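This structure is a prediction, so every number in the text was calculated from the model and none was measured. Within every chain, numbering begins at 1; the chains are lettered A, B, ... in the order of the sequence lines, protein sequences first and strands thereafter.
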Amino acid sequence: MLLNSVILVLREVLEAAMVVSLFMAFTTVSQQSRYFLLKAIFLGLVAGGFYAYFLPEISNWLEGIGQEITNTMIHLGIFLLLTGFLWLISSNIVLPNRLVKAVMMGAIILAISRESAEIMLYISGFRSDHFLMQSVLSGSLIGLGIGVSCGIFLYHLMIALKPAAATKFICVLVVIVGGSMMSQATQFLIQADWLTSTEPVWDSSHIISEHSLPGQLLYALMAYEATPTWSQIVVYLTSLALMILVIISARFLQGQPKYD
Amino acid sequence: MKSIRLYLLMILVATLILVMFVSLLKGYQSSIETAQGLFDERLVNTAELIASAHVAQTTSDSAQRPTSDYLFFQIWDANGQLLTRSDTAPHIALSRFEKGFYDVNFNGFRWHNYVYPDPLSERWIIVGERSDVRSSMAEDIVLATILPAFFGIVIAAIFIWWLIGTGLKPLKNLSRQLASKQADDLRPIELADLPKEMNQLVKIINQLFWRLDQSFQREQRFAADAAHELRTPISALQIHLHNLRKTYGDNSEDWQVMQAAVNRMSHLVNQILMLYRTAPEQIAKKAESIDLYKLASDVIARDYQQFEKRQQHIELIGKSSTIYGHFFALETLLQNLLSNASKYAPTKGHIVIHVHPTEKGVRLTVEDDGPGIPPDQYERIFDRFYRYQNENSDLQLPGCGLGLAIVQHIIEMHHAEIKLSNSTFASGLKVVIDFPAALRK
């Protein structure tokens with residue numbers, strides 16, 4: 001039970017930590033106050049509490065696929081906000097611009113609300129079983145510790161770079177995380193039977209298992225699946241291409257390169 | 001990076017958590033495997049024990065034996081006949097009759113079984129344990145070793161915080177010493193028990209202080225010497241010009257231009273001397289209690305001739321107001337402000353000076369009814385050698401553009417605030433200066 005808890009919590013925390021540390025690093029590199037990000041984290045946790053509380057009801061929507069569709073919408077929302085973020089900074093609209101702040105806050109609130117709701121629901125499922133609760137809490141704490149530590153390392157890795165290089169690196173990671181969001185949205189649609197499930201294209205579990213720490217890190221970064229389907233691959237690559245296109249168009253319209 | 005201490009704490013605790021938790025997970029996995037191995041061994045022993053204890057009994061002894069909820073056993077003869085069982089076991093064989101471990105489901109749980117063929121009695125012993133109970137027992141044992149690690153991390157974080165603070169103490173001491181230095185204190189820093197990582201830093205700072213001190217001294221010497229040395233030939237020039245005019249009775253335009261140029265040069269040298277004498281180290285050294293009202297009155301009395309020459313009306317309003325400052329600097333400030341007011345106010349114009357105490361210190365106001373200055377020029381007129389020339393006025397006023405720069409300089413040294421606005425007359429400039437009661441050290 002401890003291992004299951006570690007894997008579940010680590011997966012959720014890493015995903016949220018990735019988005020938060022990317023924006024934290026961007027704010028630090030832009031020499032702006034990080035207070036609005038802390039506010040977004042708090043709001044995300046509150047929203048997560050509400051989402052977890054109403055999830056049983058939400059799950060019954062659309063003939064029992066309400067949760068899957070809501071999760072798809074949340075991931076799509078994060079993807080759109082990340083794309084908006086890339087458009088803004090590629091158009092030379094940077095912090096402390098209000099729109100940039102709003103986009104960053106929106107992405108953090110959505111990411112944290114979904115991930116924290118999953119964790120809250122998982123832990124609350126063991127409320128009545130004191131026998132397992134200790135294992136679940138210990139596992140959750142270990143998953144949380146590893147996830148947050150990875151986020152801290154990623155943040156310090158990015159701010160250790162020169163500002164121009166850090167901004168480029170952040171953009172690359174935002175593109176990859178954006179693709180991961182869309183890939184996960186596809187998974188939810190397959191679960192909801194809105195997309196047909198096909199045979200896996202490959203099986204790389206013997207190289208990197210989804211349940212290992214590197215597997216979890218890759219999942220948080222790029223929605224790593226040892227056995228992906230065609231629809232996931234197509235959606236992932238299309239999302240990446242779309243975000244890159246957004247950066248190029250914004251720079252083209254801007255008329256000059258921004259970071260150099 | 002806002003704080004080295006916070007940065008080190010975060011990065012060290014994150015490293016500690018990552019390394020410790022990943023090791024804990026690895027340890028957990030191997031501990032669980034070991035515990036499962038021990039439980040399997042216990043099942044084997046139980047089966048062998050049941051076989052040896054039951055060997056003398058016959059089938060007539062067959063009865064349901066009470067056992068705990070998570071354990072069962074069955075004894076079968078060679079023909080597949082159930083001889084006896086525990087009350088938790090079913091009547092059917094839960095595994096095939098072949099020696100080994102098996103996992104089966106019954107009674108709503110998953111069970112881990114061991115099938116043991118007893119060669120002496122030719123019977124089959126099947127013993128089993130509930131898998132979830134086995135896992136929980138194994139986890140309980142392992143968790144007992146994991147839980148102290150969580151508290152250990154909290155304690156380690158507190159220790160790391162304290163140790164980083166201790167390690168950064170020399171840096172704190174250095175910063176405290178630098179912060180407590182007076183503006184004129186360029187003596188080298190002396191710190192006891194300096195760690196070798198900071199030796200070079202302190203050495204460079206001290207070298208910088210020494211070079212700064214040398215360059216200040218050179219600058220002061222140069223300014224003072226140059227001004228002093230220039231004063232003598234300028235005075236001689238003024239006297240000889242005067243004598244030449246008397247001798248030849250020449251009052252041509254050329255002579256007037258030359259006279260104005262010499263006067264301007266003399267004024268410039270005087271202002272440079274003032275600028276040197278109002279250097280921050282001079283002010284800090286010689287600060288004293290000064291009645292600004294009385295000082296203003298003295299300055300007006302001394303320079304009264306310049307107002308009288310242009311038939312200007314000058315008025316001093318207020319009462320005794322004491323501030324802590326540098327006498328010569330404040331005298332220079334008043335002289336420059338009044339001289340400017342007199343220069344720009346028209347003949348028969350008005351100049352009003354207010355001096356009165358406020359809640360925070362003393363307020364000095366100087367107003368004139370001259371042409372005034374447009375608000376967009378307020379910032380620029382404090383620049384050195386910048387002179388504002390009114391576009392609508394043909395009046396060519398003497399001056400070198402240092403007067404208000406010196407005023408600004410003196411204000412900064414006294415931590416005062418200056419504000420410019422339109423005067424209460426029909427036109428003109430109003431200068432308001434708020435002095436704090438005590439000069440901050």
Roughly how far apart are [X] [atom1] and [Y] [atom2], rounded to 0.5 Å?
X: A:Ile152; Y: B:Leu12; atom1: CD1; atom2: CG; answer: 11.0 Å
X: B:Met20; Y: A:Ile142; atom1: CE; atom2: CD1; answer: 10.0 Å
X: A:Leu10; Y: B:Phe21; atom1: CG; atom2: CZ; answer: 11.5 Å

Inset, instruction - Answer whether the closest heavy-atom distance between the side chains of B:Tyr28 and A:Val6 falls below 4.5 Å. - result: no
Engaged part of [X] at the chain A interface, taking heavy atoms whose separation is under 4.5 Å:
X: B:Asp132; answer: neither
X: B:Leu25; answer: side chain
X: B:Leu147; answer: side chain
X: B:Thr15; answer: both

Legend entry - Over all atoms of both residues, closest heavy-atom pair of B:Ala14 and A:Ser149: O-OG, 3.3 Å
Legend entry - Which atom of A:Ile146 lies closest to which atom of B:Ile17, heavy atoms considered: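 Looking at all heavy atoms of both residues, the closest pair is N-CG2, 4.2 Å.
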Crowded around [X] [atom1]? As in, over 12 foreign heavy atoms under 6.0 Å?
X: A:Tyr224; atom1: OH; answer: yes
X: B:Gln36; atom1: CD; answer: yes
X: A:Tyr53; atom1: OH; answer: no
X: B:Arg211; atom1: CZ; answer: no
X: A:Phe42; atom1: CZ; answer: no

